[in-house]
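Have a look at the structure below, then the notes.
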Amino acid sequence: MMKKIGILTSGGDSPGMNACIRAVVRTAIYHDIEVIGFIRGYEGLIDNTFVKLNRESVSGIIQKGGTILKTARSERFRTEVGVQKAVQTVKENKLDGMIVIGGDGSFKGAIALSRHAGIPIIGCAGTIDNDLAGTDFTIGYDTAINTVIEALDKIRDTAESHDRVFVVEVMGRDAGLIALRSAIASGAEAVLVPELNHDLENLVIKMKNWRSTKSSKIIVVAEGDQSGGAFKVAEIIKKECPEFDLRVSVLGHIQRGGNPSCMERVNASIVGFNSVKGLIDGKKNVMVGIINKEISFTPLENAIKHHDTLNKELEELIQILSS
Ligand code: F6P
């Protein structure tokens with residue numbers, strides 16, 4: 001019987017987290033379940049800092065980026081003492097279940113918490129990286145890739161005007177999905193991602209022979225690529241092709257902010273709604289996802305094993321379309 005639940009956002013924030021919080025709170029209230037929101041993720045759980053959430057507390061937030069509950073990458077929660085304090089908070093507040101919105105690190109935390117506190121936990125995939133198994137899109141990814149292509153379009157304008165080569169670094173510590181999708185959508189000439197081994201020598205040869213009529217060239221690099229990031233790639237190219245007028249642009253945290261897209265708001269609402277329904281239905285330690293428009297529940301341990309999510313065909317597509 002669910003009478004009272006907790007919710008937190010953890011890890012890197014992502015646009016759409018607020019829409020998800022709103023859906024969780026309003027669905028819970030509809031089912032007479034009390035909700036408290038912990039501040040700064042697992043940090044709030046350790047310190048027992050929370051706010052009571054009602055219909056009004058989540059009013060006017062669906063369109064806002066970031067997270068009203070704030071977030072953190074909690075080092076303390078990685079310790080035995082931290083987990084024990086969090087368990088105490090769960091008990092003191094008499095929580096029957098928890099909803100955790102975050103990425104793989106947050107779900108690892110959720111698994112530990114559930115094991116020690118003995119309550120069911122439902123995860124909502126919230127990360128711009130889209131690097132979780134069990135869902136087509138994580139909350140934040142659609143908005144982030146749209147932010148990236150807007151930036152790439154602008155870079156293309158200036159690159160064309162100066163006949164320049166740009167190496168653009170996008171987020172993705174160990175996932176290249178932001179890089180790959182945005183490279184396709186912006187007509188980039190090449191993309192480097194952590195999941196694939198790239199031969200930089202080949203890239204340089206290709207660059208020397210580029211036949212495209214565009215006077216500008218854009219290479220998108222995921223921050224976690226083995227090459228070492230945009231500045232390293234630029235250094236290698238500059239050495240081999242000193243004739244190129246080359247610039248580097250690191251997009252950074254603008255990718256994490258901004259108003260969520262329509263798709264993001266709708267998906268985040270669906271996921272939040274189903275996370276509460278999942279708890280009511282007795283589900284535990286699973287992540288709510290959407291696969292081919294269907295709701296799916298994936299065990300948290302499986303959701304964090306994400307490394308097969310990159311569609312390698314898309315890289316070939318870039319090579320052919322940009323040549
Ligand atoms: O996990 C999402 C993400 O934006 C990654 O793409 C990036 O590597 C990381 O977070 C940056 O985290 P922080 O803001 O803590 O430096």
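No hydrogens, no waters, no symmetry mates; every other heavy atom, side chains included, goes into these values. Atoms within a ligand are numbered from 1 in the order they appear, just like the ligands themselves. Since the structure is predicted, the reported quantities are computational estimates derived from the model, not experimental observations.
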With a cut-off of 4.0 Å, which atoms of ligand 1 are near a heavy atom of Ile128? 4 (O)
How close does the nearest protein non-hydrogen atom get to atom 1 (O) of ligand 1, and which residue and atom is it? Asp129 OD2, 3.3 Å
Which pair of heavy atoms, one from Ile119 and one from Ser114, lies closest together, and at what distance? O-OG, 3.0 Å
Counting from 1, what ligand 1 atoms have a heavy atom of Glu223 closer than 4.0 Å? 5 (C), 6 (O), 7 (C), 8 (O)
Quick one: do Asn93 and Asn48 satisfy side chain to side chain donor-acceptor pair (under 3.5 Å)? Show the steps, please. CA-CA 9 Å; Asn93 290 292; Asn48 200 10; 3.0 Å; yes
Between atom CD1 of Ile99 and atom CD1 of Ile121, what is the distance when rounded to the nearest 0.5 Å? 10.5 Å
Heavy-atom closest pair (Ile62 atom, Ser269 atom, distance to 0.1 Å) is CD1-OG, 4.1 Å
Tell me which protein heavy atom sits closest to atom 15 (O) of ligand 1, plus the residue, atom name and distance to 0.1 Å. Arg73 NE, 2.7 Å
Is the ring pair Phe77/Tyr42 parallel, tilted or perpendicular, if the boundaries are 30 and 60 degrees? parallel
Nearest 0.5 Å, please: how far is OG in Ser74 from CG in Leu8? 10.0 Å
Report the nearest protein non-hydrogen atom to atom 16 (O) of ligand 1: residue, atom name, distance rounded to 0.1 Å. His253 NE2, 3.8 Å
What protein heavy atom sits nearest atom 4 (O) of ligand 1, and how far away is it? Arg256 NH1, 2.9 Å
At a 4.0 Å cut-off, with the gap strictly under it, does some heavy atom of Gly172 reach an atom of ligand 1? yes
